[in-house]
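Below is one structure, written out as structure tokens; the observations come after it.
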Amino acid sequence: MKTKCPFKKLLKMNPIGQLLAFQNDPYGFFDEHKPKDTEKPVALNLGFRRFFFCYDPRHAQHILQEQRHKYDKSSLVLKKIKALSGSQGLIQLNDERALGVRQTSARLMSAAGMDRLVQKVDAFVKEIFPVIDKSIENREAVDLVPHLTRIVLRTAGVFILNHDLISESDSLNTAFVDLNRKAGESLRSIAQCPFSPAKRRSLSTIHTELDRIAEEVLLVDEPSLLKALATKGEEKDFIRDQLKAFMFAGYDTTASSLIFAMYLVAAHESVQRQIALEVKRMPDLNYESLKKSTLVQSAYKEALRLYPSAYFLPRESNQEDVLSGVKIPKGSQVFLSVRHIQRHPEYFNNPDEFIADRFLNEIKHPFSFIPFGGGPRICIGAMLAKLEATVVLQKLCEHYEMRAAHPAPPEIEALITAHTNTPLLVFFKKREIRAKKSEG
Ligand code: HEM
């Protein structure tokens, strides 16, 4: 028989206990403290700081939009990711330089830029087909996680560096993944280790590799974030920090969202069929036709709603505020639980259910769906992530029928963002509908 620890409850109510509980399991912590009525934020002391946990779209609107001047990104979280995102990287910036980087990046996402990326992603997806065909012959399932992750890494490489990161820079990828994991794990420790040889080694590899790639890339006249920043005359260290920030922000988040979207679609045969029919109606694959592929886009949004990779948005108040009648003192940590906001029963019918066409209709509150954040610092790569997911889902549904080998979704490991922790095994079968497309 299990004996109950008499101190457990006491420790839990204690601010240090609360801090440890959050660090140990942030996902569970948000769940545990969710109030029945989400109208007011939940105030708690964690360690020596005052925290407010928010579960309501109205709080998101207040903090990210209406009273945004009262909130900065959380310095606690920014400190944990500084090595990864660069001390001058866009994520860390809070001045007019941020606007400059955002504008440069937005210009790269012109229709022509996006068309080029669509063709790249299309080519990357097609490289998985021989693996899938072999799995059909052998009647085996394919673990899609490494394949989807590679597509995302390669697409990020094209956008950021105009460089195929898979071809040469395995050391860059490994060092990046290592450092990303360490930053995530550091969220779980109270103390910040000032000197970690392993961390420094990873960082040094990332810098050496990025510098080496940059030298080659700048000789070629092809668009990339690197080229655009260099053309603007930005300094080398500043550019390197942006490259790191974009890699950090765009790699894991997109990969995990794609893995969940793939799982959900593989688990819903009729959705696959409808996506395949939608593709059949599209004359060509380009950015314009993607924009018209409303069902696949809705299905991807639904995956982002149920499994947001940025599962919380951390803010810090820079002045006193009042949120739904609750006083928020200056210097408080204010954490928005994106996962709960996006499953709020007042704003979504059957909130835990995957309804692929849910987003074909308007949602009830503009801040009830915030996988990319909101307000002026909303994710600058959202269009790219959507483009990638749309092409990958369309291509796989067009060519194959899929069946998820396990009924449960991949397990989640909640670090700074939510990672998937288990394989995604899928059985494939050739889709008949394709033959009809070429006939008609
Ligand atoms: C599904 C994929 C993605 C998700 C869920 C996601 C989510 C987010 C969120 C929630 C924020 C705002 C964070 C905050 O306000 O605290 C953000 C910011 C950002 N994202 Fe994304 N992101 C994704 C893909 C990408 C991609 C593909 C890129 C670029 C290649 C990217 C680059 C950035 C950058 C640079 C920022 C900082 C913007 C700023 O502070 O001005 N993201 N992202």
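Side chains are part of it too, since the values below use all heavy atoms of this structure and drop only hydrogens, waters and symmetry mates.
Closest approach of G250 to V152, counting heavy atoms only: O-CG1, 4.0 Å.
Side chain to side chain, E316 and S75 meet the donor-acceptor criterion of an N or O pair below 3.5 Å. Using a 3.5 Å distance cut-off with no hydrogens or angles, the side chains of T420 and E411 do not pair a donor with an acceptor. Residues T38 and H340 have side chains that never bring a donor and an acceptor to within less than 3.5 angstrom of each other. Side chains of Q333 and S74: a donor on one and an acceptor on the other come within 3.5 Å. Side-chain atoms of Q92 and S85 form a donor-acceptor pair, as typed in the model, at a separation below 3.5 Å.
Interatomic distance, E278 CD to R281 CZ, rounded to the nearest 0.5 Å: 6.0 Å. In this structure, the separation between CD1 on I355 and CG on N349 is 7.0 Å, given to the nearest 0.5 Å. Taking CD1 of I380 as the start and CG of L108 as the end, the distance is 10.0 Å to the nearest 0.5 Å. Separating the CG atom in L415 from the OH atom in Y27 is a distance of 11.0 Å, to the nearest 0.5 Å. Atoms OG1 and CZ, from T417 and F248 in turn, are 6.5 Å apart once rounded to the nearest 0.5 Å.
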Pair up each side-chain donor or acceptor in residues 116-125 with any protein partner under 3.5 Å, not counting sequence neighbours, and list the distances.
unit_1, atom_1, unit_2, atom_2, d
R116, NH2, N162, OD1, 2.8
Q119, NE2, L285, O, 3.2
D122, OD2, K126, NZ, 3.1

Donor-acceptor pairs under 3.5 angstrom involving side-chain atoms of residues 359-374: please list them, not counting sequence neighbours.
unit_1, atom_1, unit_2, atom_2, d
H365, ND1, F367, N, 3.0
H365, NE2, Q61, OE1, 3.2
S368, OG, H365, O, 2.6

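Between D321 and K330, no side-chain nitrogen of the basic residue sits less than 4.0 Å from a carboxylate oxygen of the acidic one, so the salt-bridge criterion is not met. Using a 4.0 Å cut-off between a side-chain N of Lys or Arg and a carboxylate O of Asp or Glu, R343 and D352 qualify as a salt bridge. Salt-bridge annotation for D56 and K40: absent, with no side-chain N of the basic residue lying under 4.0 Å from a carboxylate O of the acidic one.
Listed for the E398 side chain is no donor-acceptor partner under 3.5 Å among the backbone atoms of I275. Checking side-chain atoms of S332 against main-chain N and O of S317 turns up no donor-acceptor pair under 3.5 Å. Side-chain N or O atoms of S309 include none that pairs as donor or acceptor with a backbone N or O of S256 at under 3.5 Å. Although no hydrogens or angles enter the test, the distance criterion places no donor-acceptor pair under 3.5 Å between the side chain of S298 and the main chain of T294. With hydrogens and angles ignored, the 3.5 Å screen pairs a side-chain donor or acceptor of R68 with a backbone N or O of Q65. With hydrogens and angles ignored, the 3.5 Å screen pairs a side-chain donor or acceptor of H59 with a backbone N or O of E39.
For R315 and F335, the positive end is not near the middle of the six-membered ring at less than 6.0 Å and at most 45° from its axis.
In this structure, F354 has its ring center under 6.0 Å from that of H268. Aromatic ring centres of H33 and F29 lie closer together than 6.0 Å.
Aromatic ring pairs are classed by plane angle as parallel below 30°, tilted from 30° to 60° and perpendicular above 60°; the pair F51 and F22 is tilted. Below 30°, between 30° and 60°, or above 60°: for Y400 and F428 the angle between ring planes is above 60°, a perpendicular geometry. Aromatic ring pairs are classed by plane angle as parallel below 30°, tilted from 30° to 60° and perpendicular above 60°; the pair F53 and F30 is perpendicular.
Atom CZ of R150 has 12 or fewer heavy atoms from other residues, nucleotides or ligands within 6.0 Å.
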Intermediate values then yes/no, salt bridge (charged side-chain N to carboxylate O under 4.0 Å, His left out), R154 and E127: CA-CA 12 Å; R154 296 178 82 178; E127 285 186 28; 3.0 Å; yes
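Not counting sequence neighbours, the partners of R97 by the salt bridge (charged side-chain N to carboxylate O under 4.0 Å, His left out) test are D95.
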